[in-house]
Structures are given as structure tokens and as C-alpha cells.
Amino acid sequence: MLSLLPEILLRKKMEIVLKEKIKEAVKIIYNSEVKDDLIQIQETRKDFKGDFTLVVFPLLRFSKNTPEKTGEMIGQYLKDNFDAISGFNVIKGFLNLEVSDAWWVDFFGKLSLEKNHLESCLVSDPETILVEYSSPNTNKPLHLGHIRNNLLGYSLYRILSGVGHKVIKTNIVNDRGIHICKSMLAWQKFGNGETPESSGMKGDHLVGKYYVLFEKNYKIQVEKLIGEGMAEEEAKNAAPLMRETRDMLLKWEAGDNEVVSLWKTMNSWVYAGFDETYRKLGVDFDKIYYESDTYKVGKEIVLKALKENILYRNEDSSIWADLTPEGLDQKLLLRSDGTAVYMTQDLGTAVDRHKEYNFDKNIYVVGNEQNYHFQVLKALLRMMGYQWSDGLIHFSYGMVELPEGRMKSREGTIVDADDLIKEMQMTAMEVSLELGKLSDFSEDEKHEIFRKIGMGALKYYILKVDPKKNMTFNPAESIDFNGNTGPFIQYTYTRIKSVFRKAEQMGINVDNALYEGAQTGQKEIELIKLMRNFSETVTTAALGYSPALIANYCYELAREYNQFYHDFSILGESDEQVRNFRITLSKVTSEILYTGMWLLGIEMPERM
RNA sequence: GGUUCCGUAGCUCAGUUGGAUAGAGCAACAGCCUUCUAAGCUGUGGGUCGCGCGUUCGAGCCGCGCCGGAAUCACCA
């Protein structure tokens, strides 16, 4: 259980103190001891007057009175005995408590002094957490699905390290296996020595081209065999290309020079391509694992478990686990020809990692299509006696679909990551140029801004959705920069920055704007209330692995600020105290927006 | 068929220990720039929260049963 540090207590203080006061009230008025969980305090809904609301229904057993009367009694007690409460009203069974403006302003004063708004979110018991994300295959370029994966993984890293954990970003590269051999074989057969240099193609795209070429020719062979009267399953196995691929995999595992050399060359092309895409996405890794290393560890583990009779060998000498006692199925761990499967290497990777980092948690950012795989992985490790398998967490996120349905390589509907990134930045450029606010910037500066806006739009669009859910990626909608979007939040931020530039011109010191005794309005209080929720949102996001909570929070704060900005003049305010108060309000808003977006891996431009 | 997940406005999504009259954005329509950035703000319309039963003072949220959809159950990864 998470214990609260003093910083978060500050933010939660009102609820905690209120609870104590209400317990006191019930004790004095009704002579009863109340348990904590019967005192339900929530923020008052906007359509009612008040700041905090006590749900009185659970207390009726003590008052033996109507909800209205009970609310009245407790409300009156609080008003009389608690300075911060300036008034109350009772509607049905809800006691709405009004907190004095002075309390809010005082709270905001403390908030504005925080150097880093994440301090209030720090956990008291930091853990060592590995976050594995991206996990590409080296036979194809990255696509939209990988983008969601990378953005979620990276944001998770920011959030978890932001609240104080020691986080290691890892990537496991799927650089071996039958699928890799397919591209290699196709290149050997049809490539005529083509390289990224000779073709001018990005390496990962070039290799992907040969993978597609393989599938195309393989399909023709299979159809031909079926036409000759062979059953489909048999034809798939008997097709010459498939046999050659399997041979190649055997040679690879045996360390055949020619095959290994080709493999190294083609992989290096792919890595160069991936590095470029990662750089554009703004993600990176502390440690990269290669399955070409870990599958060996996996094999050893499997063979050891076989000796211990945890696994069994089939007649054809393939090795299996019987997971039926766990409610799962039989699982193959080594093929009859002795080669490893996906699960084998994942076993090896997990054991390797635990040896190296002794992690508390190992979070796998992997799509929900692999839910079963991770259920099996955990069960296997448990079976084999690895206690730490409890720390394996499958961060299972939903698929990205297009308005017309799933992406299908067959139908050419795969959204390529590089294309998409480029398109978003182009759109940002078009919109910016049309609005024409950046005419005094150099070309380089402008492009840096377009990049931030384009990526901000893309990242926010994807991260605002609950990771667990499948999402629809609507291209037309994703390039809309109005409403609940990344650019909307960036825009709010740049507006504040713009105010500060103006303030500077006017000779006003933004960092030290004193506002003692400033009169506040309802809108200002609303903003303070929202800002108060930041640390709790981040904490919940960290515990629930949900960047979406932070995204939606940022949106809400930006929307609230924009209303404030629209309704009130900041620098034009004649009362200096009020003006300074609004300046500080703007400053803290910009800080929180910046930090929130930072947790999502989204950069903020200073102007747009 | 087994397992897991999902179903909220025309569309995309919020709605976290069960709480008041279920919220945003997009799209449509009507307004607001001599003012700190209109990528903004305001307003209007739009809902049997898939259906039914149950638990509860109270259910979008919890339980059971249906209906609809997705994923998975490979000697693929």
C-alpha cells in the first residue's frame, strides 16, 4: 500500500482535516464513533454551490434523522468550529461545504512555491522497474501499432520515474526466427545485391520490401501445390520457399558463416532505420536485448526443467509444458528439430533480466493479442520455481484500428510510422503557415515548432485514450488541431508565455509577483481546485499505468484556463494585487501543463 | 467451443473505493477579434449508458443471464 508523503498530504490536507472534523461532529452531536470509510467526501459538482461535499446517507444510522436534518446539523457544526468552512447548503442527502477564498488563496500560495510539481507525487518506497517496450521484429518497418506501443512505453517510463521509481527502459529486438529468414531468403534470391545506399531506401523499409516479396512468392507456390491436389496444411509445409527458410533457420542456429553474415548485414540496415524512427518519436532505451542472445538462455532453462521433470518430451522429441493444471493448454517450448520458439526466448530474457537488475517489477508493454502468451509465461516461470515471476506485469494495450477496420498488410492498409510522422508535421506546417503567426522566425526555428506541434498532436491523440481499450485512428480527425488535442494544450501554454513576454516588456517581474490580499473570483478558485488535483492524477496514473489520465487532466486544465483567459484581462487589470495574482495563476498553470505533457513525452513550443 | 477483454450522443472518447440532473471534442447551427495569440471563447440541438433480472437508501460502475463485437487457444512472433 502506498503511504503518503508530506507533500501529498498538503494537497490532500483538506479532505483529511475535514474527515477528522466530521468525525468530531458526529461524536459530539450524535455521540457515536464513525469509521473512516463511512465518511465520503468528494468535490462538489459544478452545478452546485460549494467546494467539498459530504454524502450523508451513510451517517443516518447514527443520526436517526432525515438526510436533510443530518446535513444541516453537521454543516452548522463545521461552520461554527472550522475556520476554513465559510458556509454550507444541503440538497437531498448531500452536504455541500463552502471553503473560504482565503483558504484557497493560501493553498495556492504553497503550490506556487513548489519548484517541481512532481515532488508532491513521490512514492515513499521506490522500486526498480524494468519497462520493456517497442519490441520490433527486424523484418518490417514500424507501423501505427508500434507507435502506440512506443508512446505508451516511453510515457510509462516518464511517469514511473517521475514519481520516484528507478526505471530501466528496455527493448527486446526480435532479430531471429523464421520470419527473419524469410526476408533474408527473398533478398538472396531476388535482391541482386540491393542495399540501402544503392536504392536510397531506409534500411528497415528495404528489408520489409523483401519480406513482402517472400510472402507473395510463397503464396503463389502454395496455391500451385493446392491446385495439384495437395491439402492446404501440407502445401504450406511443402512449398520450396518454406523448406528453404527452415533450412536457413537451422543453418543460422548452427552458426553457418554465410547465413550469419547476411543476417548481420541486413539487421544493421534495419537498426539504422529504427534508430531514425525512434529519434523522431523521441524515445530511447537504456538496455537493448536481442533474442539472438536470449534464446540460448531460454533453451538451457527448458532443458534444465526437462531434467527436473517439470517438462516432458514428445515422441518426435519436441519439448512441452503441461499447463492444464493451471487451466491453460499444452505449450511447445522446443521444436522437434531442437530450434527455439518465441516462448523459449521470452523465458530466457526474463531470467537474464532478473539476474542483471534484480527488478521488483518487469513491465511488458505488449498488445492485448498476447494476453495468453503472458499468462503462459508467468505460469511457466512459476512452475520452474522463479519466485520473482509475480513481478512480471503485462501492460496490455488495445489494438489500433482504422475507421475501415483492422490494418491489413494484404490490403496495404498498414499505416507506416515514418509516413505518419511526416504527415503530421506537414499538417502542422500548413496550419501554422495559414495562421501566419511565425513570420519573424528563421526557417530552422519554424521547423522545430512544426515538429513539436505535429508530434504533440500525434502523441496526444494516441495517449489520451485508455491504453486498455482498442482505439480507432481516424486520419482526418488526428490532424484536427482544435478541441481535445495536443496542439490545444500547447497553444494554451504558448498563450501564457506570450502574456509573460508582454509582461516583461511592461517591466513586470513574473517570477516574483506579490498578490497579498488580492480579491479572487470564482473562476480563479476553479483553476486552483483543478491544479490541486495534479498530484493525485499523477499518482493514480502511476499506480494504474495510465498516461490517458494525465492527458485528460491536462486538457481539462487547459480548457479551464482558456475560459479564464477569455473572461479576464491579466496585464490589463488595474488592481496590482489582482493582476499579480492572475500572473502567478498563469505561471503555475503553465508549469503544470508543461510537467503533465512532459510525462506524456510531449514537448511544448514557446510560441506557435 | 474454452479463456480474456469490450459495448456510454451521428462519430471519437472521458466518467477510479457505487452517490445529486451521465460529460467533453468532432460534425451541424447561431454568436464573439480596435484588447495579453480566435489552434480560442459562448450558446442551441443531440442519450432506453447493448438488453433483462438482481443486490442497495442509491447502479454507467457490483453480481447473474442473454445479445453484439474483438483478441487468443500454432512446431508464427
Side-chain angles (χ1 to χ4, degrees), chain A residues 37 40 42 44-48 53 55 57-58 60 67 91-94 96 135 137 139 174 176-180 237 246 291 314 316 318-320 327-329 331-337 339 341-343 345-346 367-373 375-376 396 398-399 401 403 406 428 431-432 434-435 437 453 457 461 464-466 468-474 476-478 480-485 487-492 494-503 506 540 543-544 546 548-549 551-552 555-556 558-559 562-563 565-573 582-583 586 607-608:
Chain A
D37 57 343
Q40 296 175 27
Q42 50 198 255
T44 303
R45 291 180 49 142
K46 275 204 173 160
D47 11 311
F48 298 95
T53 293
V55 185
F57 293 107
L60 300 184
I91 296 170
K92 295 185 190 168
F94 300 89
N96 300 320
S135 315
N137 294 339
N139 61 336
N174 251 294
R176 48 138 266 127
I178 197 99
H179 57 299
I180 309 296
N237 277 313
R246 275 198 303 264
E291 290 194 346
N314 213 344
D316 62 3
S318 55
I319 297 173
W320 295 74
L328 303 166
D329 297 315
K331 183 70 194 176
L332 174 90
L333 295 175
L334 281 180
R335 294 194 186 95
S336 47
D337 63 6
T339 56
V341 293
Y342 179 49
M343 186 60 76
Q345 51 210 23
D346 251 5
N368 63 13
E369 58 197 348
Q370 294 192 32
N371 285 353
Y372 182 75
H373 174 81
Q375 236 178 302
V376 172
S396 165
M399 300 289 95
E401 287 170 15
R406 276 195 97 176
V431 174
S432 295
E434 200 173 315
L435 292 169
K437 298 177 183 176
I453 296 171
Y461 186 87
K464 74 174 174 182
V465 182
D466 181 347
K468 289 198 294 290
K469 291 188 178 175
N470 287 358
M471 65 171 287
T472 306
F473 184 89
N474 186 326
E477 200 180 280
S478 68
D480 184 352
F481 295 169
N482 302 312
N484 188 358
T485 65
F488 171 87
I489 297 163
Q490 291 172 322
Y491 178 69
T492 309
T494 56
R495 272 180 140 181
I496 296 172
K497 289 290 162 175
S498 178
V499 171
F500 291 169
R501 279 191 298 273
K502 180 89 185 285
M506 293 167 67
T540 312
L543 289 172
S546 181
L549 294 178
N552 286 303
Y555 172 63
E556 213 181 324
R559 198 159 49 94
N562 273 317
Q563 290 168 8
Y565 178 95
H566 180 267
D567 293 345
F568 299 94
S569 181
I570 297 163
L571 301 175
E573 169 60 42
R582 288 178 187 167
I583 287 173
S586 302
R607 278 184 59 178
M608 62 189 277

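The chains referred to below are lettered A, B, ... by the order of the sequence lines, with proteins before strands, and numbering in each begins at 1. Reckoned from all heavy atoms, side chains included, excluding hydrogens, waters and symmetry mates.
Within the nucleic acid shown, A:Ile178 comes within 4.0 Å of sugar-phosphate atoms alone, with no base atom in reach, counting heavy atoms only. In this structure, A:Asn139 reaches neither bases nor backbone, as no heavy-atom distance under 4.0 Å exists between it and the strands shown. Nucleic acid contact class of A:Arg406 (heavy atoms, under 4.0 Å, all strands): sugar-phosphate only. Using a 4.0 Å heavy-atom criterion, one finds that A:Thr339 contacts no nucleic acid atom at all. Nucleic acid contact class of A:Thr485 (heavy atoms, under 4.0 Å, all strands): none. Among the atoms of the strands shown, base atoms are found under 4.0 Å from some heavy atom of A:Gln370. At the heavy-atom level, A:Leu60 lies nowhere under 4.0 Å from the strands shown. As judged by a 4.0 angstrom heavy-atom cut-off over every strand, A:Val55 is placed among the base-contacting residues. Within 4.0 Å of A:Ile453, counting heavy atoms only, lies at least one base atom of the nucleic acid. At a threshold of 4.0 angstrom between heavy atoms, the contacts of A:Phe488 are confined to the sugar-phosphate backbone, with no base atom among them. Among the heavy atoms of the strands lying under 4.0 Å from A:Met471 are primed sugar atoms or P, OP1, OP2 only; no base atom is included. When heavy atoms are screened at a 4.0 angstrom cut-off, A:Asp466 is found touching the sugar-phosphate backbone but no base atom. A:Val341 comes within 4.0 angstrom of sugar-phosphate atoms only, judged by non-hydrogen atoms across all strands, and of no base.
Paired runs in RNA chain B that reach 3 or more consecutive Watson-Crick or G-U pairs, where each pair keeps both distances under 3.5 Å, cover B:1-7 with B:67-73, B:10-13 with B:23-26, B:28-32 with B:40-44, B:50-54 with B:62-66.
When the C1' atom is used for both B:C57 and B:A70, the distance is 38 Å, rounded to whole Å. Taking atom C1' in both B:G52 and B:C11, one finds a spacing of 28 Å when rounded to whole Å. As rounded to the nearest Å, B:U8 and B:G46 have C1' atoms that lie 14 Å from one another.
At the phosphate of B:C13, OP1 or OP2 sits under 4.0 Å from a side-chain N or O atom of A:Thr472. At B:C11, none of the side-chain N or O atoms of A:Asn474 fall inside 4.0 Å of OP1 or OP2 (strictly under the cut-off). For B:U37, neither phosphate oxygen OP1 nor OP2 lies less than 4.0 angstrom from any side-chain nitrogen or oxygen of A:Arg501. OP1 or OP2 of B:U21 lies within a sub-4.0 Å distance of a side-chain N or O belonging to A:Lys92.
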Between the protein and nucleotides 54-64 of chain B, list the N/O to N/O atom pairs that are separated by less than 3.5 angstrom.
none

Polar pairs (N or O, both sides) under 3.5 Å between protein and nucleotides 22-24 of chain B?
| unit_1 | atom_1 | unit_2 | atom_2 | d |
| --- | --- | --- | --- | --- |
| B:G23 | OP1 | A:Arg45 | NH2 | 2.9 |
| B:A24 | O2' | A:Tyr555 | OH | 2.9 |

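Whole-Å rounding puts the A:Leu549 CG to B:U16 P distance at 10 Å. Taking atom CD of A:Glu369 as the reference point, atom P of B:C76 lies 17 Å away to the nearest angstrom. The interatomic distance linking A:Ile180 (CD1) with B:C76 (P) rounds to 14 Å, in whole Å. The CG atom of A:Asp567 sits 14 Å away from the C1' atom of B:U35 (whole-angstrom rounding). Spacing between atom OH of A:Tyr491 and atom C1' of B:U37 amounts to 4 Å, rounded to whole angstrom units. Going from atom CZ of A:Arg335 over to atom P of B:C76 covers 4 Å, rounded to whole Å. Protein atom OH of A:Tyr372 is 16 Å distant from nucleotide atom P of B:C76, rounded to whole Å. As rounded to whole Å, 14 Å separates atom P of B:U17 from atom CG of A:Leu543.
Of the candidates B:A20, B:C26, B:C36, B:C36 carries the atom nearest the A:Lys502 side chain, counting heavy atoms from C-beta on. Set against B:G40, B:A39, B:A20, the side chain of A:Lys437 has B:A39 as its closest nucleotide. Considering only the side chain of A:Ile91, B:A20 comes nearest among B:A77, B:U37, B:A20. In this structure, of B:A39, B:A77, B:U21, it is B:U21 that holds the atom nearest to the side chain of A:Phe48. Here the nucleotide nearest the side chain of A:Gln563, chosen from B:C73, B:A39, B:U42, is B:U42.
Residue A:Asn174 comes nearest to A:Asn137 through the heavy atom pair CB-OD1, 2.9 Å, listed as atom of the first residue, atom of the second, then distance. Across all non-hydrogen atoms, the minimal contact from A:Asn237 to A:Arg246 is O-NH2, 3.0 Å. Residues A:Ser318 and A:Leu332 come closest through the heavy atom pair CB-CD1, 3.8 Å. Counting all heavy atoms, side chain and backbone alike, A:Pro67 lies closest to A:Lys92 at CB-O, 4.1 Å. Taking all atoms of both residues into account, the shortest heavy-atom contact from A:Met608 to A:Gln490 is SD-C, 3.7 Å. A:Arg607 and A:Lys437 make their closest contact through NH2-O, 3.1 Å (heavy atoms, listed as atom of the first residue, atom of the second, distance).
Of the possible donor and acceptor atoms, one in the side chain of A:Arg582 sits under 3.5 Å from a partner among the backbone N and O of A:Ser569. Using a distance-only test at 3.5 Å, with no hydrogens or angles considered, a donor-acceptor pair links the side chain of A:Tyr461 to the main chain of A:Asn474. Looking at A:Ser498, its side chain never comes within 3.5 Å of a backbone N or O of A:Thr494 through a donor-acceptor pair. Checked by atom type and distance alone, the side chain of A:Ser432 pairs as donor or acceptor with a backbone atom of A:Ala428 at under 3.5 Å. Between the side chain of A:Asn552 and the main chain of A:Lys464, a donor-acceptor pair closer than 3.5 Å is present. The closest donor-acceptor contact from the side chain of A:Asn470 to the backbone of A:Met399 lies under 3.5 Å.
Not a single ring pair (Phe, Tyr, Trp, His ring centres under 6.0 Å) links A:Phe481 to another residue, sequence neighbours left out. With sequence neighbours left out, A:Tyr565 forms a ring pair (Phe, Tyr, Trp, His ring centres under 6.0 Å) with no residue at all.
Ring-plane geometry between A:Phe57 and A:Phe94 is classed as perpendicular, the angle between the planes exceeding 60 degrees on a 0 to 90 degree scale with a lower cut at 30.
Put simply, A:Phe94 rests on the base of B:A20: the two rings are less than 5.5 Å apart at their centres and nearly parallel, under 30°.
Regarding the sugar-base torsion, B:C33 falls in the syn class, its angle being within 90° of 0.
For the atom pair A:Asn368 CG and A:Gln370 CD, the distance stands at 9.5 Å (nearest 0.5 Å).
Salt-bridge annotation for A:Arg45 and A:Asp47: present, with a side-chain N of the basic residue lying under 4.0 Å from a carboxylate O of the acidic one.
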Sugar-phosphate or base contact per nucleotide [nucleotides 4-9 of chain B; S, B, -; heavy atom under 4.0 Å]: S--S--
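A:Asn96 contributes a side-chain N or O that forms a donor-acceptor pair with the base of B:A20 under 3.5 Å. Remark: the A:Thr494 side chain and the B:A39 base include no donor-acceptor N/O pair separated by less than 3.5 Å.
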